[in-house]
Student: 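Dropping a structure here in structure tokens format, bear with me for questions.
Numbered from 1 within each chain, the chains take letters A, B, ... in sequence-line order. Side chains are part of it too, since the values below use all heavy atoms of this structure and drop only hydrogens, waters and symmetry mates.
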Amino acid sequence: MRELQESLKRAIKDLFNVDVEPELTRPEEQFGDYSTNVAMQLAAQLGKSSREIAQTLADKVQYAETVDKTQVAGPGFINFFISDKALLDSLNTQPSKELDGKEILVEFGDPNPFKEMHIGHLYSYIVGDAIAGLLEASGATVRRLSYHGDVGLHVAKAVFGLRELKKPRQGQEEDTAIEKEGYLGKAYAYGAKKYEEDEESKEEIDKINLKIYEGDDPQINNLHQAGINLSFDYFDKILDLLSINNDKRYLESQTIPAGKELVEKNLDSVFKQSQGAIVYEGEKVGLHTRVFITSKGLPTYETKDLGLTVLKDKDYPQASRSIIITANEQSEYFKVMLAALAEINADLAKKTTHLSHGFLSLTTGKMSSRLGDVYPAMKLLLEVKAAVHEQYPDSQVRKEVTFGAVKYAFLKHRLGSDITIDIEESISLEGNSGPYLQYAFARANSILQKVDIGQQAGDDSLTLQTGERSLTRKLSEYQEVVVKATDELMPHHIATYLYELAQNFNRFYESSRIIGDEREVLRLKLVESYAQVLKNGLQLLNIPVVEKM
RNA sequence: GCCCCCGUAGCUCAGUGGAUUAGAGCAUCUGUCUUCGGAACAGAGGGUCGGCGGUUCGAGUCCGUCCGGGGGUACCA
């Protein structure tokens, strides 16, 4: 593809004395393997008809080695038909590691301790991990980070509850993380109830809130830490099920000193006093004003997040990029925070990218976080698990199918807008689903297991038949798709591609005998190549791959 | 009120300037059914791409406007 692009570029220079980067796209199969619209772009500039330009160019490039034929179509497209040999050769090219040597921070998940992890966090974790995987596939060293709110009224309520109810006993090894979390939930519910109903308790909780802030009461500190530990044990359990790594956790309370210092240092330059509070006037850059330090002198989330960027920078000074993934309700907020940061430390702000995902809802059941009525992450996982077990009681790989189904159901959607998941559909295990892809791999793998792929030389002069060529063509797109998904930080491109690839293979498989056929050598190579690409793609999304189902 | 995002088939979504017929999956209907794994494949029906106007050789895609939905909008995160 690079060669084609280069020879096209040279031809344009030679013929018309114009410097352009011709864009090559993948047209529909009937129109060839690559296509360019460069003639239409040049038409106005050169004062010639686009078809005429296209024809001149097509004639010139026709003699490039890898091109079988060219064709001018429609208003002036040039279509390139690549030779079978060149197409097959392109399957062996190594992926380009364009991020080799770079260190990139990716923050995602961010569930709050003392609260239930809900499906929104699950979505964030899965999407963030896939983005991290994309960057790793391009050679980057990725640090998976998360940030957790360990201060605030909700925490004080839970700590109060922990104190009033019985403390969790040490050494209860048989407790599962789920039960511990249930305990924490009870403590929170107890504290929240008391806060509403009992004036004395309310005062006490407010006091605890302040103590957590100041961190100078040993008993409160212990309870606070115990609660955090319980939560993180539970989060770890879920992450472990999902095979998601978490390199480092930051706590909101840790970010306060750095954040406050930054705001105070830049008071009167970046930040302004207003009505007793310290604010950043976002209007000057087309945004809105936000409070960084309240009139009571307490730092808001804005200040803490500012502090977090400082902490990350200190921990990972070599990082060339920092990506933060949250729900999109925080989009506007992040713009303001980053605008303020840009005035303080332009380099740091420039490195930081905020990405957001939409709300996740389920067609069955309701999830309204406004009412505090959240759908727990674990509940969803257990439901999918139960359904898989029911449908495939004898399967040896139910766990892989469960997590493959959940992850793929989330990842196939474009990042950004709200999505609705139908649990029934994602576990129905057919159609555009994770298990379909897992099955598609297992099937190919099964064929490969049956034969010994030796060093049999293929017949180079063989012309590819329709199904073979279609599959080969699709396989050759893989690297481009990875680059696109990485550039855009959009893992769904991989999901969409893998599904189309699997469909393409299944079509080929249905109509083409592989083992025992006179074209066995060639076809086995295609199957092998297909299995490899599918496996790479699934692994990149961190979707489990199984040899047998 | 102002700012941001979204509106594509009954449902869930791809497609974000290019190709006479806008693509998938689910659901509905019909085939393949002595199979290298049928968790599959082939086919049918189903769309004024929210409305209107504009830019362009070309608009689901860009611009304007209206309608509808979601989010944000100073001391929550």
Student: Assign A:Gln503 to base, sugar-phosphate, or nothing according to its heavy-atom contacts below 4.0 angstrom with the strands shown.
Tutor: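 It contacts sugar-phosphate atoms only.
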Student: Contact class for A:Ser35 (heavy atom, under 4.0 Å): base, sugar-phosphate, or nothing?
Tutor: base
Student: Kindly indicate whether the side chain of A:Ser274 and the base of B:A74 share any N or O donor-acceptor pair separated by less than 3.5 Å?
Tutor: yes
Student: Base, sugar-phosphate, or nothing: which does A:His493 touch, judged by heavy atoms less than 4.0 Å apart?
Tutor: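 Answer is sugar-phosphate: A:His493 comes under 4.0 Å of backbone atoms only.
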Student: On a whole-Å scale, what distance lies between the C1' atoms belonging to B:A27 and B:G17?
Tutor: 34 Å
Student: A:Asn79 has a side chain; which of B:G71, B:A19, B:A74 sits nearest to it?
Tutor: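 Out of B:G71, B:A19, B:A74, the nucleotide with an atom closest to A:Asn79's side chain is B:A19.
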Student: Heavy atoms under 4.0 Å, any strand shown: does A:Ser295 hit a base, just sugar-phosphate, or nothing?
Tutor: base
Student: Would you mind telling me which of B:G37, B:A40, B:G71 lies closest to the side-chain atoms of A:Glu329?
Tutor: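 For the A:Glu329 side chain, the nearest candidate turns out to be B:G71.
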Student: From the set B:G37, B:A14, B:G72, return the single nucleotide nearest to any side-chain atom of A:His413.
Tutor: B:A14
Student: Looking at B:U16, B:U12, B:A39, which one has an atom nearest to any side-chain atom of A:Ser395?
Tutor: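 So the side chain of A:Ser395 is nearest to B:A39.
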Student: Show me the donor-acceptor pairs within less than 3.5 Å that the side chains of residues 305-312 of chain A make with the rest of the protein, sequence neighbours left out.
Tutor:
| from | atom 1 | to | atom 2 | distance (Å) |
| --- | --- | --- | --- | --- |
| A:Asp305 | OD2 | A:Tyr333 | OH | 3.0 |
| A:Thr309 | OG1 | A:Leu306 | O | 2.6 |
| A:Lys312 | NZ | A:Glu107 | OE1 | 2.6 |

Student: From the options B:C36, B:C4, B:C13, select the nucleotide whose nearest atom is closest to the side chain of A:Ile419.
Tutor: B:C13
Student: Counting side-chain heavy atoms from C-beta on, which of B:A19, B:A40, B:C6 comes nearest to A:Ser417?
Tutor: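 Nearest to the side chain of A:Ser417 among the choices is B:C6.
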Student: Is the aromatic ring of A:Tyr392 within stacking range of B:A39, meaning centres under 5.5 angstrom and planes under 30 degrees?
Tutor: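 The base of B:A39 is stacked with A:Tyr392 (centres under 5.5 Å, planes under 30°).
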Student: Describe the nucleic acid contact of A:Tyr499 in one word from base, sugar-phosphate, nothing, applying a heavy-atom distance below 4.0 Å.
Tutor: sugar-phosphate
Student: Please determine, for B:G68, whether a Watson-Crick or G-U wobble partner exists with both distances under 3.5 Å, and give it or none.
Tutor: B:C6
Student: Looking only at atom C1', what distance separates B:A9 and B:A44, rounded to whole Å?
Tutor: 14 Å
Student: What's A:Thr303 touching, base or sugar-phosphate or nothing? Going by heavy atoms closer than 4.0 Å.
Tutor: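 Here A:Thr303 touches no strand at all.
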Student: Remember a base hit wins even if backbone is also touched, and classify A:Pro75 as base, sugar-phosphate or nothing at under 4.0 Å, heavy atoms.
Tutor: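 Base contact.
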Student: The side chain of A:Tyr436 is closest to which nucleotide in this list: B:G70, B:G18, B:A40?
Tutor: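 Minimum distance to the A:Tyr436 side chain belongs to B:A40.
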Student: Between B:A42, B:C36, B:A74, which nucleotide gets closest to the side-chain atoms of A:Arg507?
Tutor: B:A42
Student: Applying a 4.0 Å non-hydrogen cut-off, can you work out what A:Thr300 is touching in the nucleic acid: base, sugar-phosphate, or nothing?
Tutor: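 Since only primed, P, OP1 and OP2 atoms lie under 4.0 Å of A:Thr300, the category is sugar-phosphate.
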